[in-house]
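This report concerns only the one structure given below.
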Amino acid sequence: MAAPLIPLSQQIPTGNSLYESYYKQVDPAYTGRVGASEAALFLKKSGLSDIILGKIWDLADPEGKGFLDKQGFYVALRLVACAQSGHEVTLSNLNLSMPPPKFHDTSSPLMVTPPSAEAHWAVRVEEKAKFDGIFESLLPINGLLSGDKVKPVLMNSKLPLDVLGRVWDLSDIDKDGHLDRDEFAVAMHLVYRALEKEPVPSALPPSLIPPSKRKKTVFPGAVPVLPASPPPKDSLRSTPSHGSVSSLNSTGSLSPKHSLKQTQPTVNWVVPVADKMRFDEIFLKTDLDLDGYVSGQEVKEIFMHSGLTQNLLAHIWALADTRQTGKLSKDQFALAMYFIQQKVSKGIDPPQVLSPDMVPPSERGTPGPDSSGSLGSGEFTGVKELDDISQEIAQLQREKYSLEQDIREKEEAIRQKTSEVQELQNDLDRETSSLQELEAQKQDAQDRLDEMDQQKAKLRDMLSDVRQKCQDETQMISSLKTQIQSQESDLKSQEDDLNRAKSELNRLQQEETQLEQSIQAGRVQLETIIKSLKSTQDEINQARSKLSQLHESRQEAHRSLEQYDQVLDGAHGASLTDLANLSEGVSLAERGSFGAMFGNEEQQLAWAKRESEKAEQERLARLRRQEQEDLELAIALSKADMPAA
């Protein structure tokens, strides 16, 4: 889950004096609104590409109001700092710790720092591809184009000559008098921007410096290692009526910085012969394109290896490049190496102006383009007529030189026009070929479009089938979900029943255990009862035996009583002797038992009979009850044993 966004008012620092100074520059009246044009002009000074600046504007103006308030402008400044620090341009990075934004050509001290190496190049990829095609059509030598080859292309733009001069100066970043592929792209980019009514900057913005030049480029405030000398006062930039561009002429249209005095051919050169031979060997190794000249880029490492300062090396280059062509001949290179050797080995500083013995021998017989002012200017004689004649001769020579210059310029213009016509013809041929290729590409694109339409129809059919299958699968999934829910409900019910059954089983097991314990105790008690029953049965048997004895005694007693009755009834007069004999037949026990009853014989006999029957009945009742209880107990114990079995 994404983290909640922090309000912009909490992400942008408030009370920041640097941000306040930036805002004051775009809204000095503090109206609370910064228009799109003002913000664009200010933000472009950051050196970022138009694509990144467009993204920054969209983030700072999310509602599309077309202007920025103070808070929105602060957001834009913070996003510029994100881009310059190498972070992604998003609102989530506003609260990161990063250095403040940097802008150029403003009053802030942070504006003059060089751009970082990670800054984007303002030349877009599609523009670069188009410019590379033009570059290759001009047939570069060793990857470089001279001013003569670039001049017709720039002149076709119909821009003013001073504008084209600034374009050349800004594009020739390494100041070698030639343009490589990236420098040519910069020049064409500036020309296209100028055609769109954008002013050509006075200094090359960091965003326009090619990535391949950024580590080697000297930023404002530093002195180039091998610069060409500054344009002369009479350059075509200040006098466009001459019909050429001074910055673009690499073969004599620039005047030398220092006028050469007339020298005698007998003056010796300051460069020793041995040193000259050694310098010539270095020259041959350095002149890779074998054109007889070395550029500043070619000798840069050699000059820097001397350890001299950039200012001093620039001055030595200006002295040696007597014709200000941006390149050095073999003698000029030897002179520059001589000055460097003198400074390194002997500490002798190079002169401010070349003396006659310092001018290379190959340069002494050829006056410089700006030496026309000294042609024919003889020495002052003090005779007015001679002086007037000398002045007239000098004036005529100056006019002659001027006419020759005009003729050369006209011829150069004719050559340029011819070259332009040829270029136009070449352009026409290229455009015709391009048109044919575009037609072929159009046909291919149409064929591919038809094929893609067919594929699109097939894909639509497949998509319909897939959607139908998805619907079927969705319904099946819904049905399966319903079944799963039902089965889950049944399973839960069965689980509840199983839990209840388990609980009942546990309870029954507990009851079974208790019953087993009860049965065990009952068995023990039954054994005791059985033993008691056996003893009772023995007692009953004994009692029955005694009872049978009593019955026998009773019967014997009845017989005795009957005999007594018979004796009493039949022989009242009998003698006591018969009665004594009769009594002898009664056993000793009966005599002892009934001896006291003879007083009232009938009563005694009846009473004895009743007591005997009563006692016998009570005893029999007790025995029956005891026997019934034992029988019931035995039956109950046998029933309790049956479930366990």
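Predicted, not measured: the structure shown is a model, and the values here were computed from it. Values reported hereafter were calculated over all heavy atoms of this structure, with side chains retained and with hydrogens, waters and symmetry mates removed.
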Heavy-atom side-chain contact between Ile282 and Ile302 under 4.5 Å: yes
Going by heavy atoms in the side chains, are Tyr22 and Pro101 under 4.5 Å from each other? yes
Do you know which two heavy atoms are closest between Ile209 and Trp121, and how far apart they sit? O-CD1, 3.7 Å
Under 3.5 Å, side chain of Glu298 to main-chain N/O of Ser295, donor-acceptor pair present? yes
If you look only at pairs with a residue in residues 190-199, which of them pass as a salt bridge (Lys or Arg N to Asp or Glu O under 4.0 Å), with sequence neighbours excluded? Glu127-Arg193, Arg193-Glu196
Please list all pairs passing the salt bridge (Lys or Arg N to Asp or Glu O under 4.0 Å) test where one or both residues lie in residues 49-61, with sequence neighbours left out. none
Show your working on side chain to side chain contact (heavy atoms under 4.5 Å, CB included) between Leu96 and Cys82 and close with a plain yes or no. CA-CA 8 Å; Leu96 297 177; Cys82 287; 5.7 Å; no
Close side-chain approach of Leu308 to Ile316, heavy-atom, < 4.5 Å: yes
Exam field: side chain Asp172 to backbone Gly177, donor-acceptor pair closer than 3.5 Å: yes
How long is the straight-line distance from CG of Leu79 back to CG of Asn93, given to the nearest 0.5 Å? 9.0 Å
Do any N or O atoms from the side chain of Lys175 and from the backbone of Gly326 form a donor-acceptor pair under 3.5 angstrom? no
For the residue pair Arg124 and His189, establish whether any side-chain heavy-atom pair is separated by less than 4.5 Å. no
Contact between Leu313 and Ile340 at the side-chain level, heavy atoms closer than 4.5 Å - yes or no? yes
Judged by atom type as modelled, is there a donor-acceptor pair below 3.5 Å linking the side chain of Ser85 to the main-chain atoms of His87? no
Working for side chain to side chain contact (heavy atoms under 4.5 Å, CB included), residues Tyr19 and Arg78: CA-CA 9 Å; Tyr19 281 33; Arg78 190 69 173 169; 3.7 Å; yes
Identify the heavy atoms of Ala81 and Pro100 that sit nearest to each other, and give their distance. CB-C, 4.2 Å
Rounded to the nearest 0.5 Å, what's the gap from CD on Glu423 to CE on Met155? Could you check? 13.5 Å
Student check: side-chain heavy atoms of Phe279 and Leu335 closer than 4.5 Å: no
Classify the ring geometry of Phe42 against Phe103: parallel below 30°, tilted from 30° to 60°, perpendicular beyond 60°. tilted
Pro360 and Asp331 have their tightest heavy-atom pair at CB-CB, 3.7 Å
Verify whether one side chain among Gln454 and Asp450 offers a donor that lies under 3.5 Å from an acceptor in the other. no
Ring geometry between Phe131 and Tyr192 (parallel below 30°, tilted from 30 to 60°, perpendicular above 60°): tilted
Measure from the side-chain N and O atoms of Asp27 to the backbone N and O of Gly32, and report whether any donor-acceptor pair falls under 3.5 Å. yes
Take Met452 and Lys456 through the test side chain to side chain contact (heavy atoms under 4.5 Å, CB included) and record every step on the way to the result. CA-CA 6 Å; Met452 292 178 68; Lys456 181 179 178 181; over 6 Å; no
Pair Ser46, Gln84: side-chain N/O donor-acceptor within cut-off below 3.5 Å: no
With heavy-atom distances below 4.5 Å as the criterion, would you say the side chains of Ser207 and Ser49 are in contact? no
Any salt bridge between Glu183 and Lys213, counting N to O under 4.0 Å? yes
Filter on ring-ring contact (aromatic ring centres under 6.0 Å, His included), then keep only pairs touching residues 436-455, sequence neighbours left out; what's left? none
If you apply the rule side chain to side chain contact (heavy atoms under 4.5 Å, CB included), what do you find for Leu190 with Leu208, and how did you get there? CA-CA 9 Å; Leu190 292 173; Leu208 271 179; 3.5 Å; yes
Where is the tightest heavy-atom contact between Glu136 and Pro140, given as atom of each residue plus distance? O-CD, 3.9 Å
Between Asp182 and Val186, is there a side-chain heavy-atom distance shorter than 4.5 Å? no
Using side-chain hydrogen bond (donor to acceptor under 3.5 Å, both in side chains) as the criterion, list what pairs up with Lys44, not counting sequence neighbours. none
Taking atom NZ as the centre, does Lys24 end up with more than 12 heavy-atom neighbours from other residues, nucleotides or ligands that are less than 6.0 angstrom away? no
If we ignore hydrogens and angles and just use 3.5 Å, is the side chain of Ser433 paired with the main-chain N or O of Asp429 as donor and acceptor? no
Any residue meeting side-chain hydrogen bond (donor to acceptor under 3.5 Å, both in side chains) with Ser137, in chain and number order, not counting sequence neighbours: none
Ignoring hydrogens, what is the shortest heavy-atom contact between Ala39 and Trp57? Give both atom names and the distance. CB-CZ3, 3.7 Å
Nearest-0.5 Å distance, CG of residue Leu435 to CD of residue Gln441: 11.0 Å
d(Leu424 CG, Lys417 NZ) to nearest 0.5 Å is 10.0 Å
With salt bridge (Lys or Arg N to Asp or Glu O under 4.0 Å) as the rule and sequence neighbours excluded, what pairs involving residues 438-449 come up? none
Taking the cut-offs as 6.0 angstrom to the six-membered ring centre and 45 degrees off its axis, would you call Lys330 and Phe333 a cation-pi pair? no
From Leu179 atom CG to Leu145 atom CG, the distance as rounded to the nearest 0.5 Å: 6.5 Å
Does the plane of the ring in Tyr23 sit parallel, tilted or perpendicular to the ring in Tyr74? Use 30° and 60° as the thresholds. perpendicular
Lys/Arg N to Asp/Glu carboxylate O, Lys70 vs Glu20, below 4.0 Å: yes
Keeping Asp180 on the side-chain end and Gly143 on the backbone end, is there a donor-acceptor pair under 3.5 Å? no
Side-chain donor/acceptor of Asp321 to backbone N/O of Thr325, under 3.5 Å: yes
Taking all non-hydrogen atoms of both residues, which atom of Ser306 and which atom of Val344 are closest, and how far apart? O-CG2, 4.0 Å
Between atom CG of Asp174 and atom NZ of Lys300, what is the distance when rounded to the nearest 0.5 Å? 7.5 Å
